[in-house]
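These values consider heavy atoms only, across backbone and side chains, with no hydrogens, waters or symmetry-generated copies.
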Amino acid sequence: MKTTATSGIPDDVLDDALGDMFEEPAGFRPPTPEGTYEDYERDPLHVLPDTPSTINLHLIGRHSLWAHRIWNAGVVLARHLDADKALVANKRVLELGCAAALPSLISAIAGAEFVAATDYPDPHLIKSINRNCTVNAQTLVDQGKLKVVGYQWGEDLEEVMAALPDQTRKYDVIFLADLIFNHTQHRNLLKTCKGALEPNGGAVYVYFTSHVVKWVDRDMKFFEICVEEEFGFQFEKFAEVRASAMFPDDVGDIAVRET
């Protein structure tokens, strides 16, 4: 037998009595900070005819996923792609955690066959990424060569794979720019990379800075995990670049925080 407890008070009377007690008053929570805009200037030596020399990026207001910044790793990656367009030319590119989508945009402009700019499926974040793609690469968006996909690392890849032009092969290149500080997400990132990467010649490029010096070992754990049998990757270090520290007033060896 199922029983239901009641107060004995008619619902309409109870509703009137409770009123709006569960509604937050106006101004109860601080408003979401306004987004900002930032121009990224490409090296004139690497700007091909009929491509933009300036990329105008919208950055959402302060965000729990740190998507409100243009990170050094993303800038260094974008410069690398501009200087060596063969890395992405005629290739299928997936960027995880793209935030403002700078490397995705440069990849598409540099001649990638297809680019999927992905990040956590937060509506405000995805709207901002879509804006950056349409403002800076409208033709490529219209041609279906650049798409934005909301995606949570480690989850089902159906939508990410469905974005491809066809299913003849997976993604040739996957970019991770300043993501491995998310230590609890290392396995999810690697699960996604393994599932999305073309097994014949595909490559994952990981650009990062250890912003918290005492956690360098935690950052580097990513590379220990990637070679485990579950994932089966091999890795090699290919470059080291210096840039101004993102958080100059933080503690720890400044040389580490600028690399």
Side-chain angles (χ1 to χ4, degrees), residues 35-60 67-71 73-151 157-177 196-198 201-205 207:
T36 58
Y37 295 87
E38 187 168 330
D39 284 341
Y40 170 78
E41 300 293 341
R42 299 171 64 199
D43 186 332
L45 294 175
H46 301 143
V47 178
L48 297 177
D50 300 319
T51 65
S53 58
T54 300
I55 305 294
N56 180 259
L57 298 171
H58 175 262
L59 305 173
I60 62 174
H68 57 287
R69 302 286 297 268
I70 297 179
W71 294 86
V75 172
V76 172
L77 171 54
R79 290 174 179 163
H80 186 185
L81 296 173
D82 243 348
D84 187 2
K85 295 176 175 59
L87 288 173
V88 294
N90 302 311
K91 294 181 180 180
R92 298 177 173 190
V93 177
L94 170 63
E95 184 180 7
L96 300 178
C98 70
L102 178 59
S104 290
L105 284 162
I106 296 299
S107 295
I109 292 167
E113 176 194 345
F114 173 76
V115 179
T118 73
D119 211 321
Y120 188 81
D122 171 85
H124 298 291
L125 177 55
I126 297 302
K127 180 181 178 180
S128 177
I129 299 169
N130 271 308
R131 178 268 174 201
N132 290 342
C133 291
T134 55
V135 165
N136 295 285
Q138 181 70 67
T139 299
L140 296 171
V141 171
D142 292 343
Q143 292 173 345
K145 294 184 176 182
L146 174 60
K147 294 182 181 178
V148 177
V149 180
Y151 176 70
L157 279 161
E158 181 178 0
E159 190 173 355
V160 173
M161 304 310 288
L164 286 163
D166 56 54
Q167 299 303 308
T168 57
R169 71 180 194 279
K170 297 183 178 183
Y171 289 90
D172 303 299
V173 178
I174 300 178
F175 292 131
L176 282 62
L197 188 67
E198 172 61 30
V204 179
Y205 291 84
Y207 286 65

Atom CG of Asp172 and atom CG of Asn90: how far apart are they, to the nearest 0.5 Å? 9.5 Å

Residues at least two apart in sequence or cross-chain that pass side chain to side chain donor-acceptor pair (under 3.5 Å) with Tyr151, listed by chain then number, are Thr192

Throw together a table of side-chain donor-acceptor distances under 3.5 angstrom for residues 157-164, partners on residues two or more places apart or in other chains.
none

Going by the rule side-chain contact (heavy atoms from CB on, under 4.5 Å), which residues pair with Val75 if we only count those two or more places apart in sequence or in a different chain? Tyr40, Ile70, Arg79, Leu102

Closest approach of Ala78 to Ile106 (non-hydrogen atoms, all atoms of both residues): O-CG2, 3.7 Å

Can you check side chain to side chain contact (heavy atoms under 4.5 Å, CB included) on Asn130 and Val141, steps first, answer last? CA-CA 9 Å; Asn130 271 308; Val141 171; over 6 Å; no

Straight-line distance of Leu96 CG to Leu176 CG, nearest 0.5 Å: 5.0 Å

Any pair with a residue in residues 131-150 that passes salt bridge (Lys or Arg N to Asp or Glu O under 4.0 Å), sequence neighbours left out, goes on the list, sorted by first then second residue, please. none

For Ile109 and Pro52, work out which heavy atoms get closest and say how close. CD1-CG, 3.7 Å

Partners passing side chain to side chain donor-acceptor pair (under 3.5 Å) against Tyr205 (at least two apart in sequence or in another chain): none

Using every non-hydrogen atom in the two residues, find where Phe114 and Gly144 come nearest and quote the distance to one decimal. CD1-O, 3.4 Å

Tell me if a side-chain donor or acceptor on Thr51 pairs with a main-chain N or O of Val47 at a distance below 3.5 Å. no

Rounded distance [0.5 Å steps], CD1 in Ile60 versus NE2 in His124: 8.5 Å

Show the nearest heavy-atom pair for residues Leu94 and Ala196, with the distance to one decimal. CD2-CB, 3.8 Å

Does Asp119 reach the main-chain N or O of Cys98 with its side chain, forming a donor-acceptor pair under 3.5 Å? yes

Look at the side chain of Asp84 and the backbone N and O of His80, then say whether any donor-acceptor pair between them is shorter than 3.5 Å. no

So, for Leu77 and Pro103, which heavy atoms are closest and what is the spacing to 0.1 Å? CD2-CB, 3.6 Å

Among pairs that include at least one residue of residues 87-105, which meet salt bridge (Lys or Arg N to Asp or Glu O under 4.0 Å), considering only residues two or more places apart or in two chains? Arg92-Glu113, Arg92-Asp166

Rounded to the nearest 0.5 Å, what separation is found between the OG1 atom of Thr54 and the CG atom of Asn136? 9.5 Å

How long is the span from the CG atom in Leu81 to the OG atom in Ser104, to the nearest 0.5 Å? 9.5 Å

Can you check whether Leu146 reaches Leu105 side chain to side chain, under 4.5 Å on heavy atoms? yes

Quick check: do Val93 and Phe175 have side-chain heavy atoms less than 4.5 Å from each other? yes

Pair listing, salt bridge (Lys or Arg N to Asp or Glu O under 4.0 Å) test, anchored in residues 38-54, at least two apart: Arg42-Asp82

How close do Ala101 and Ala117 get, heavy atom to heavy atom, and via which atoms? CB-CB, 4.4 Å

side-chain contact (heavy atoms from CB on, under 4.5 Å) against Ala110, all qualifying residues, sequence neighbours excluded: Lys85, Val88

Under the rule for side chain to side chain donor-acceptor pair (under 3.5 Å), what residues qualify as partners of Ser128, not counting sequence neighbours? His58

Are the side chains of Ile126 and Val148 in touch, meaning some heavy atoms are under 4.5 Å apart? yes

